[in-house]
Asks: 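Below is a structure I'd like to ask you about.
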2 protein chains.
Amino acid sequence: MTISPVSRVPLSLEVAQRLRAAILDGTFPADTELPTETELAQSFGVGRSTIREALRVLQAHGLISGADTVSTARPRVTHERTAGAAGLALSTALQVGAIPLADLVALRTLLEAEAIRQTTSVPEAARSCLVTMAAAVENGDIHTFHAADVDFHVQLAYACGNQALGFVIGVLRDCIAGYLLDALAAVADRRTVLVRLLAEHQSIVDALDVGENDRAAEAVVAHIRGFYEPGTP
Amino acid sequence: MTISPVSRVPLSLEVAQRLRAAILDGTFPADTELPTETELAQSFGVGRSTIREALRVLQAHGLISGADTVSTARPRVTHERTAGAAGLALSTALQVGAIPLADLVALRTLLEAEAIRQTTSVPEAARSCLVTMAAAVENGDIHTFHAADVDFHVQLAYACGNQALGFVIGVLRDCIAGYLLDALAAVADRRTVLVRLLAEHQSIVDALDVGENDRAAEAVVAHIRGFYEPGTP
DNA sequence: TCTTGTCTGTTTGTCGGACAAGCCACTACG
DNA sequence: CGTAGTGGCTTGTCCGACAAACAGACAAGA
């Protein structure tokens, strides 16, 4: 019998985990550059290829920047991409069938309704999204409309004051966005749907403006359900 | 002026995206092996290093297996790790996002209460966690107690039928776990607290067993709030 | 015939070297 | 003083090499 029951993990993965831990515990602070690949290779005592594979893993997790364009810039520790990475990962799980879309939508409904209930005032950024959406309706530009739509919900979600709530809503939104856009593109009478969606958004804002948070929450629930439930033209 | 405003994407990332698309659209079906790295390199017309970096990205996304042990096995297309990858990504984002603990706890309270309301029966796994916790109380083993505590909540969360809800609760739980264990370790009269926590868990189960979901939800809220709110001995 | 030990080929994990392209700072020249 | 060239550094990519692990073929012995 062997006395080494521990299955050896590849060096690249171990390096990735150690780098990840170093970033999370602040050894490499946010918004700073990492050492060069050669320096990392020397300090870890591994080859540059190994370091590069570890860096790819960290980039996939959104912990460091780079790799989206080819440049000589050193990768930077960043925390802004983690939400996008989480959204992408969740989206992958969704596409692959690990999590049903209906469950995600139900969760999103629950969270957005709660966020609306806790919101005291509508941020200006959300209002300007309404303007953008209105303009997009005129042009029939579903991409612009959709982008503003996403932004509207996220802005509203963060206005509730609970950062965790806003964050998770944003991630869910990222994850569902693709489906929403497809659904919009598939709609025959596009303009009618856009007008209705815009009106629903407006009614949410109106309810909030007069302090009727419960009515706003109901409007959000109806808004989301109305779009995802089957048989919605 | 150059006519290529599109910032060039590194080959490794492009390969990763194409491989990802190929996996998602079924070109590489689930539970099958990918071609060897050399074959992939030839078919994409790139070097093996490039393929390897792309594979690391896909592994980080949970789309293919491998890289957790060193072996000659080819990576397999798998869909079972995507949820885990998404959980890791979300957990990372939350850790890194400087989100106040109070917000995390508030969100967890909201979600667990909702999950309890939707739960129809207590899974056996959750019940056995209670037994483990009871034994841990006798031994004063806070680590075992805590592990069973976490497991109890996660088991209960998944029992609600909404996988997304259970998933997010599990992630939140992971994020908060460190704080909880520290708090437990800092408590002077450990046994009294453990006994109280165990009783609270039991009361949740009891309420669910008689179909009083609302009371169970209230018990969960009190259980969580009672532990995290300041001034709780 | 069946078992067993060996051997060979394949594949991954890792390393080192090499080169092109881009970026930055410095210098030399007008 | 300003500008163009120049050299070094860094990333992205490729190639060749080798150890370790695994699978299958293959031969030797009971």
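Below, each value reflects all heavy atoms present in this structure, side chains not excepted, and no hydrogens, waters or symmetry copies. Naming: A, B, ... by sequence-line order, numbering from 1 per chain.
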Asks: C/dC15 P sits how many Å from A/Leu40 CG, rounded?
Replies: 13 Å
Asks: Contact class for A/Ser49 vs. all strands (heavy atom < 4.0 Å): base, sugar-phosphate, or nothing?
Replies: base
Asks: Mark yes when over 12 heavy atoms from residues, nucleotides or ligands other than A/Glu33 sit less than 6.0 Å from its CD; otherwise mark no.
Replies: yes
Asks: Using whole Å, what does the distance between atom P of nucleotide C/dT12 and atom CG of A/Leu11 come to?
Replies: 18 Å
Asks: Please tell me if A/Thr38 has a side-chain N or O lying less than 4.0 Å from either OP1 or OP2 of D/dT10.
Replies: no
Asks: Checking salt bridge (Lys or Arg N to Asp or Glu O under 4.0 Å) for the pair A/Glu53/A/Arg56: CA distance, chi angles, key distance, verdict?
Replies: CA-CA 5 Å; A/Glu53 291 185 21; A/Arg56 291 300 155 274; over 6 Å; no
Asks: Name the orientation class of the two ring planes belonging to B/His153 and B/His223 (parallel below 30°, tilted from 30 to 60°, perpendicular beyond 60°).
Replies: parallel
Asks: Round to the nearest Å and state the distance from B/Glu33 atom CD to C/dT10 atom C1'.
Replies: 13 Å
Asks: Answer yes or no: is there a side-chain heavy-atom contact under 4.5 Å between A/Leu34 and A/Leu55?
Replies: yes
Asks: Please give, in whole Å, the distance from C/dG13 P to B/Gln59 CD?
Replies: 7 Å
Asks: Roughly, in whole Å, what's the span from CZ in A/Arg56 to C1' in D/dT13?
Replies: 11 Å
Asks: Any side-chain donor paired with an acceptor under 3.5 Å for B/Arg52 and A/Ser12?
Replies: no
Asks: How many Å lie between CG on B/Leu55 and P on C/dT14, as a whole number?
Replies: 13 Å
Asks: Return the value, rounded to whole Å, for the distance between atom CD of A/Glu37 and atom C1' of D/dG12.
Replies: 8 Å
Asks: Could you tell me whether A/Arg74 contacts a base, only the sugar-phosphate backbone, or nothing, with contacts defined as non-hydrogen atoms closer than 4.0 Å?
Replies: sugar-phosphate
Asks: Taking only side-chain N and O atoms of A/Arg52, does any of them lie within less than 4.0 angstrom of OP1 or OP2 on D/dT10?
Replies: no
Asks: If you assign A/Ala73 and B/Leu34 each to the DNA chain C nucleotide with the nearest heavy atom, which residue ends up on the more 5' nucleotide?
Replies: B/Leu34
Asks: Measure the distance from CD on B/Glu53 to C1' on D/dG12 and round it to the nearest whole Å.
Replies: 8 Å
Asks: Within the structure, does a side-chain N or O atom of B/Thr50 lie under 4.0 Å from either OP1 or OP2 of D/dC14?
Replies: yes
Asks: Establish, with yes or no, whether the OP1 or OP2 oxygen of C/dT10 is under 4.0 angstrom from a side-chain nitrogen or oxygen of B/Thr36.
Replies: no
Asks: Pick the nucleotide of DNA chain C nearest each of A/Gly45 and A/Arg48; which residue has the one closer to the 5' end?
Replies: A/Gly45
Asks: Ignoring backbone atoms, test whether B/Thr72 places a side-chain nitrogen or oxygen under 4.0 Å from the OP1 or OP2 oxygen of D/dA23.
Replies: no
